[in-house]
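Comments concern the structure below.
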Amino acid sequence: MTDTAATPYPPELLRDVAKRRTFAIISHPDAGKTTLTEKLLLFGGAIQLAGTVKARKSARHATSDWMEVEKQRGISVTSSVMQFDYAGHTINLLDTPGHEDFSEDTYRVLTAVDAAVMVIDAAKGVETQTIKLLDVCRLRSTPIITFINKLDREVREPFDLLAEIEDVLKIQCAPVTWPLGMGKAFHGVYHLLRDSVLRFTAGQEKRTDAEIIQGLTNAQLDTLFPMEVGQLREDVELIQGASTPFELDEFLAGRQSPVFFGSGINNFGVQEILQALIDWAPPPQARVAGTGGADTRMVQPAEEKFSGFVFKIQANMDPKHRDRIAFFRICSGRYSSGMKVRHVRAGREMKLANALTFMANERVLKDDGVAGDIIGIHNHGQLQIGDTLSEGENLGFKGIPYFSPELFRAARLRDPLKSKQLQKGLQELGEEGAIQVFELEGGNMLLGAVGVLQFEVVAQRLKDEYKVDAIFESADIHTARWLTFPDELTRRNFEREQVMRLGKDVDGNPVYLASSRYNLEVTMEKWPKVGFHATREHG
Ligand code: G4P
């Protein structure tokens with residue numbers, strides 16, 4: 001791999017990049033992601049009124065009748081980007097769809113962030129979706145800040161929660177704040193690094209310094225909280241003796257997570273999360289990109305030339321216009337409207353004009369972006385997930401994953417004359433990432449999804465956008481594996497023997513479609529030189 005570290009970078013670019021923080025909030029549904037998003041925007045001054053994000057979400061439901069499914073289930077399948085300024089920094093908060101059926105989308109959003117805030121419901125602890133999301137963060141060693149939410153309720157013991165996070169998520173916890181009581185007796189948190197207690201007052205919009213009590217031994221604590229302070233002092237002694245203190249390098253390597261306790265709905269603990277993002281979360285990082293053949297290099301965020309990749313494609317942002325928006329993470333250089341860039345996969349130039357920039361505060365319009373920022377590019381099918389755009393260089397960013405689907409359906413038409421439209425629709429929806437599409441021997445189409453709701457969405461969209469009425473039938477397939485072969489001969493022999501279990505994905509890559517776990521194991525044993533992969537990178 002070649003490195004360009006010796007190149008001098010433009011100072012304004014270095015300065016602007018250093019101010020960026022790009023992150024996502026990950027959580028199991030209902031842990032409090034929407035609430036925390038809203039409070040972060042409130043503290044960041046991007047919205048003035050609590051309720052705005054939720055209201056906007058429901059307004060979106062009301063106007064997006066192109067997707068009845070979304071409305072019926074009352075969930076959000078859309079994902080957006082919110083940019084706001086806080087304490088001299090520019091923060092990009094990437095929203096992820098909360099429903100587990102759309103976790104593939106969420107996974108891809110996580111490839112575009114430099115850090116994540118994990119929200120845990122303190123009554124429930126680690127939940128299934130959190131485990132999956134953490135696994136994805138681990139693929140890129142993304143630094144994680146933990147927010148343990150809903151301390152205003154009767155919840156589980158904090159030590160118990162930390163032990164569960166460490167055991168199940170395999171990440172070391174470094175408590176930064178510690179709760180003083182819980183439920184009705186929740187009085188605040190003790191900040192271990194500042195040696196001060198932040199007092200909790202339910203429902204207060206913003207705190208002031210008057211609510212800080214300095215020092216764990218402060219007699220004021222005994223007067224105010226005689227019932228709870230003893231426990232707090234005991235806990236803190238235990239933490240200081242037994243748990244590992246916060247270490248920035250460990251956090252940045254994705255091995256340790258600073259832990260904060262609070263109550264999102266009461267604005268409590270939110271400012272500490274923002275501060276941790278600014279003080280500790282990394283600015284946009286260098287990223288590996290292929291440069292043709294097997295060669296790769298690190299692309300530095302302050303390199304002068306513009307580059308980045310598409311991590312998500314969203315159709316029908318505006319139901320009146322049938323175009324799609326490609327969400328693009330800038331990895332280097334500076335975006336300016338009208339600039340010419342190279343679409344590396346297609347091998348041609350394209351003009352970037354009127355890209356969307358995302359401001360949480362809609363009154364401010366902006367027309368530039370640097371590494372860490374997201375732009376939305378209008379797109380009529382020429383861009384796919386994983387595509388790189390660059391200012392000339394033959395780059396290909398790595399690490400945007402496809403996951404092996406867990407559910408399969410065969411697509412069948414009610415009207416056989418519509419097979420062309422079905423093929424086109426599925427090809428396009430496959431490229432967009434709404435669903436995975438495999439073509440079987442003989443031309444039949446097989447759909448693969450992570451969650452069952454994806455099938456409903458695709459059926460609805462085929463009807464609305466392609467005028468195709470398709471039926472999805474259950475398919476006798478347990479899992480899919482992408483295949484790699486050591487040589488041509490092995491490939492031909494394998495294909496001859498396994499023809500009934502082979503398919504191709506939208507990009508033409510060979511896939512093994514196993515009927516059962518046993519079937520997969522037997523085949524893998526029989527063909528030890530063939531690679532069976534549960535994930536593959538886009539592009
Ligand atoms: P999500 O996006 O992760 O799915 O969660 P969301 O923020 O929508 O929160 C889920 C529920 O948890 C909401 O209640 C929300 O009000 C509540 N919640 C969030 N933070 C806290 C907290 O700190 N303390 C308590 N006690 N509750 C919290 P809901 O009844 O489902 O919705 P709503 O009627 O309040 O909007």
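What you see below is based on every heavy atom in this structure, not just the backbone, and it leaves out hydrogens, waters and symmetry mates. Order of listing sets the numbers, starting from 1, for every ligand and every atom in it.
At a heavy-atom distance under 4.0 Å, only side-chain atoms of R153, from C-beta outward, approach ligand 1. Under 4.0 Å from ligand 1, heavy atoms of T34 appear from its side chain as well as its backbone. At a heavy-atom distance under 4.0 Å, no atom of V119 approaches ligand 1. At a heavy-atom distance under 4.0 Å, only side-chain atoms of S27, from C-beta outward, approach ligand 1.
Set against the non-hydrogen atoms of K33, the atoms of ligand 1 under 4.0 Å away are 1 (P), 2 (O), 3 (O), 5 (O), 7 (O). Heavy-atom proximity to D30, at under 4.0 Å, picks out these atoms of ligand 1: 1 (P), 3 (O), 4 (O), 5 (O), 10 (C), 12 (O). Numbered from 1 in the order shown, with element, the atoms of ligand 1 that lie under 4.0 Å from a heavy atom of S263 read 22 (C), 23 (O), 24 (N).
Not a single N or O atom of L36, backbone or side chain, sits closer than 3.5 Å to an N or O atom of ligand 1. Some N or O of I265 is nearer than 3.5 Å to an N or O of ligand 1, by distance alone. At under 3.5 Å, a nitrogen or oxygen of G264, whether backbone or side chain, sits near a nitrogen or oxygen of ligand 1.
For Q172 and Q256, the side-chain atoms include at least one donor-acceptor pair closer than 3.5 Å. Checking Y190 against D195 by side-chain atom types alone, a donor-acceptor pair falls below 3.5 Å. Judged by distance alone, the side chains of Q214 and N218 never bring a donor and an acceptor atom under 3.5 Å apart.
Side chains of S257 and F251 form no contact here, defined as non-hydrogen atoms less than 4.5 Å apart. Residues W178 and V189 are not in side-chain contact: their nearest non-hydrogen atoms beyond the backbone lie 4.5 Å or more apart.
The nearest pair of heavy atoms linking I148 to L162 is CD1-CD2, 4.0 Å.
Ligand 1 has at least one atom lying under 4.0 Å from a heavy atom of D152.
Salt bridge D505/R536: present, at least one basic N to carboxylate O contact under 4.0 Å.
The only option from R329, Q83, R20 that meets the side chain to side chain donor-acceptor pair (under 3.5 Å) definition with N92 turns out to be Q83.
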